[in-house]
Peer 1: 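My structure is below; once you've seen it, I'll send some questions.
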Amino acid sequence: KGGSYTESQRLEEDVEELRMELKEKGYDTRLSVVEMYFISFSDQKDGVGKKIMTAQVAGEHGDMEYLDFDEGIAPELENEIAVSKNVLSENGWVIGDSIYGRINGVERKFLITASYTDYMQLGNSVRLNAKLDMYEETLFGYWAVMVDMETDLSQEELAERMNREFPDYEWLSGQTLLDRNIGDVQSYLKELLFPMTAMLCAVIMLITLLMERLFITREKGEIAMMKSCGFTYHAICRLQLIRMTCVVAAAMMISIPLSFLSNTFILCPIFAILGADIVIQLDWPQVFLIYPAILLAGILLATRVAARSIRHIDIHEMNNLE
């Protein structure tokens with residue numbers, strides 16, 4: 001729902017009001033919201049700290065059960081805190097260190113219990129335990145209210161129903177919300193997948209056509225000798241197709257491992273600049289079956305078209321045999 005908040009108490013009251021509104025319509029839900037602040041932290045008491053974006057989960061998911069941590073355990077006490085890897089690296093902190101943060105005008109001591117990576121503020125953030133009272137601290141903003149509900153509907157179907165029944169609020173699936181925050185890169189890639197595949201296949205077919213014609217021109221003498229030995233036109237074409245299939249198979253065996261290396265050493269470092277430690281998930285049927293099959297079919301088609309010139313090679317070309 002539209003609106004801005006500067007106090008966490010008012011935000012949480014509105015979240016509770018939403019929960020009651022849902023309950024009146026028969027929806028038993030668990031609601032939570034990630035509140036965001038900018039808090040000054042230092043490794044020394046009364047030291048000059050740097051303001052870091054600070055997140056705190058409020059509501060019925062305050063135990064951070066849905067958040068991932070790379071090392072350590074989630075903060076369980078008021079004086080425990082999780083710190084992003086970027087912040088740990090920049091300040092020379094490690095899990096188990098104590099740092100000081102000024103909250104509600106009072107300096108408090110925190111124990112670092114976990115580290116994590118995310119893309120918020122280019123990976124510079126900390127996470128507080130939900131038990132810590134932040135009502136006197138100025139709220140900078142909040143993440144969308146998250147809804148946990150028992151239902152047989154998919155997230156998209158549930159969001160559509162909730163938009164009809166509660167039009168005063170905007171309901172989104174988790175994937176849609178994520179796409180909005182990272183620029184909907186996934187949708188753009190899906191839209192480009194077919195034209196990029198078609199263009200790549202067309203380029204490879206043209207290259208194959210040129211290469212195959214060069215091979216045939218260079219091997220006129222050998223082809224003429226095969227014809228004189230009784231090899232038919234179709235048999236010679238099959239040999240050309242088999243040769244090109246072997247070349248393509250060898251190329252794919254080399255290129256697929258190289259693509260894994262490019263993911264590790266090119267794509268992952270790009271996202272690391274944004275503070276996100278990502279894991280690239282592959283669609284194995286597409287990677288190893290569908291797209292290799294499409295490219296192979298295009299290459300074999302181009303080879304077959306180029307091999308038509310074999311019909312015009314006469315056995316007298318044996319005179320050019322080297």
Peer 1: Quick one: does any side-chain atom of N91 pair with a main-chain N or O of V87 as donor and acceptor, under 3.5 Å?
Peer 2: yes

Peer 1: Would you say I103 and L132 make side-chain contact, with heavy atoms under 4.5 Å?
Peer 2: yes

Peer 1: Would L239 end up clustered with Y233 when hydrophobic side chains under 4.5 Å apart are linked, directly or stepwise?
Peer 2: yes

Peer 1: Between the main-chain N or O of M149 and the side-chain N or O of T29, is there a donor-acceptor pair closer than 3.5 Å?
Peer 2: no

Peer 1: Should E137 and I39 count as side-chain neighbours, where that means a heavy-atom distance under 4.5 Å?
Peer 2: yes

Peer 1: Are V287 and L295 linked, directly or through other ILVMFWY residues, by side chains that come within less than 4.5 angstrom of each other?
Peer 2: no

Peer 1: Only one of Q9, E16, E17 clears side chain to side chain contact (heavy atoms under 4.5 Å, CB included) with E13; which?
Peer 2: Q9

Peer 1: Looking only at non-hydrogen atoms, find the nearest pair between A130 and V57 and report the distance.
Peer 2: CB-O, 3.0 Å

Peer 1: Step by step, would you call E71 with K85 a side-chain contact (heavy atoms from CB on, under 4.5 Å)?
Peer 2: CA-CA 10 Å; E71 297 179 17; K85 285 188 173 180; 4.3 Å; yes

Peer 1: Find the distance between OG (S309) and CD1 (I216) and round it off to the nearest 0.5 Å.
Peer 2: 3.5 Å

Peer 1: Look at the side-chain heavy atoms of Ile, Leu, Val, Met, Phe, Trp and Tyr, link any pair under 4.5 Å apart, and say whether V305 and I204 land in one connected group.
Peer 2: no

Peer 1: If you measure from OG1 on T232 to CD1 on I236, what distance do you get to the nearest 0.5 Å?
Peer 2: 7.0 Å

Peer 1: Please enumerate all residues that pass side-chain contact (heavy atoms from CB on, under 4.5 Å) together with A306, with sequence neighbours excluded.
Peer 2: L209, E212, R213

Peer 1: Minimum heavy-atom separation for F69 to A114, with atom names?
Peer 2: CD2-CB, 3.6 Å

Peer 1: Is any side-chain heavy atom of Y116 closer than 4.5 Å to one of V83?
Peer 2: no

Peer 1: Measure the spacing between CD of E35 and CD of E7 and express it to the nearest 0.5 Å.
Peer 2: 11.5 Å

Peer 1: Does D133 use its side chain to pair, donor to acceptor, with the backbone of Y135 at less than 3.5 Å?
Peer 2: yes

Peer 1: Kindly determine whether I112 and S98 satisfy side-chain contact (heavy atoms from CB on, under 4.5 Å), including the steps that lead there.
Peer 2: CA-CA 6 Å; I112 302 175; S98 294; over 6 Å; no

Peer 1: For residues F38 and T54, determine if any side-chain heavy atom of one lies less than 4.5 Å from a side-chain heavy atom of the other.
Peer 2: no

Peer 1: Quick check on side chain to side chain contact (heavy atoms under 4.5 Å, CB included): which of K227, H234, E219 does I310 satisfy it with?
Peer 2: K227

Peer 1: Using side-chain heavy atoms (C-beta onward) and a distance below 4.5 Å, is E90 in contact with K50?
Peer 2: yes

Peer 1: Verify the neighbour count for atom CD of E160: are there more than 12 heavy atoms of other residues, nucleotides or ligands below 6.0 Å?
Peer 2: no

Peer 1: Students often mix this up, so state it plainly: with edges at 30° and 60°, are the rings of W171 and F166 parallel, tilted or perpendicular?
Peer 2: tilted

Peer 1: Tell me, please, which residues at least two apart from F288 pass ring-ring contact (aromatic ring centres under 6.0 Å, His included).
Peer 2: W284

Peer 1: For F140 together with Y37, are the ring centres under 6.0 Å from each other?
Peer 2: no

Peer 1: So Y100 and F41, do their side chains get closer than 4.5 Å, heavy atoms only?
Peer 2: no

Peer 1: Any link between L300 and I207 through a network of hydrophobic side chains (Ile, Leu, Val, Met, Phe, Trp, Tyr) touching at under 4.5 Å?
Peer 2: yes

Peer 1: Hey, are Y27 and E21 close enough side-chain-wise for a donor-acceptor pair under 3.5 Å?
Peer 2: no

Peer 1: Run T113 and I81 through side-chain contact (heavy atoms from CB on, under 4.5 Å) and show every step you take.
Peer 2: CA-CA 6 Å; T113 63; I81 192 172; over 6 Å; no

Peer 1: Between the side chains of K23 and D28, is the shortest nitrogen-to-carboxylate-oxygen separation below 4.0 Å, so that they form an ion pair?
Peer 2: no

Peer 1: Distance check, rounded to the nearest 0.5 Å: L172 atom CG versus L158 atom CG?
Peer 2: 11.5 Å

Peer 1: Given side chains that start at C-beta, do those of V34 and Q56 come closer than 4.5 Å, heavy atoms only?
Peer 2: no

Peer 1: Just by distance, no angles: are the side chains of D14 and Y5 close enough, under 3.5 Å, to form a donor-acceptor pair?
Peer 2: yes

Peer 1: With ILVMFWY side chains joined below 4.5 Å, transitively, what does I290's cluster contain besides itself?
Peer 2: L193, Y291, I294

Peer 1: Within a 6.0 Å radius of atom CZ on R308, are there more than 12 heavy atoms belonging to other residues, nucleotides or ligands?
Peer 2: no

Peer 1: Can you find a heavy atom in the side chain of S84 that is under 4.5 Å from one in the side chain of V126?
Peer 2: no

Peer 1: Around F231, counting heavy atoms of other residues, nucleotides and ligands shown, do more than 12 lie under 6.0 Å from its CZ?
Peer 2: no

Peer 1: Do you reckon L31 sits in the same ILVMFWY cluster as L139, going by side-chain contacts under 4.5 Å, direct or chained?
Peer 2: yes

Peer 1: In sequence, state the C-alpha distance, the side-chain angles, and the governing distance for D43 and D97, and then conclude on side-chain contact (heavy atoms from CB on, under 4.5 Å).
Peer 2: CA-CA 8 Å; D43 54 1; D97 284 351; over 6 Å; no

Peer 1: Looking at I299, is its backbone amide N or carbonyl O close enough to the side chain of T303 to form a donor-acceptor pair, meaning the two atoms are under 3.5 Å apart?
Peer 2: yes

Peer 1: Give, for atom SG of C237 and atom CZ of R311, the distance between the pair rounded to the nearest 0.5 Å.
Peer 2: 7.5 Å

Peer 1: Would you mind telling me which of R127, E80, K131 makes a side chain to side chain contact (heavy atoms under 4.5 Å, CB included) with P75?
Peer 2: E80

Peer 1: Supply the atom-to-atom distance C201 SG to M199 CE, rounded to the nearest 0.5 angstrom.
Peer 2: 11.5 Å

Peer 1: For E157, is there an ion pair with R161 - N to carboxylate O distance below 4.0 angstrom?
Peer 2: no

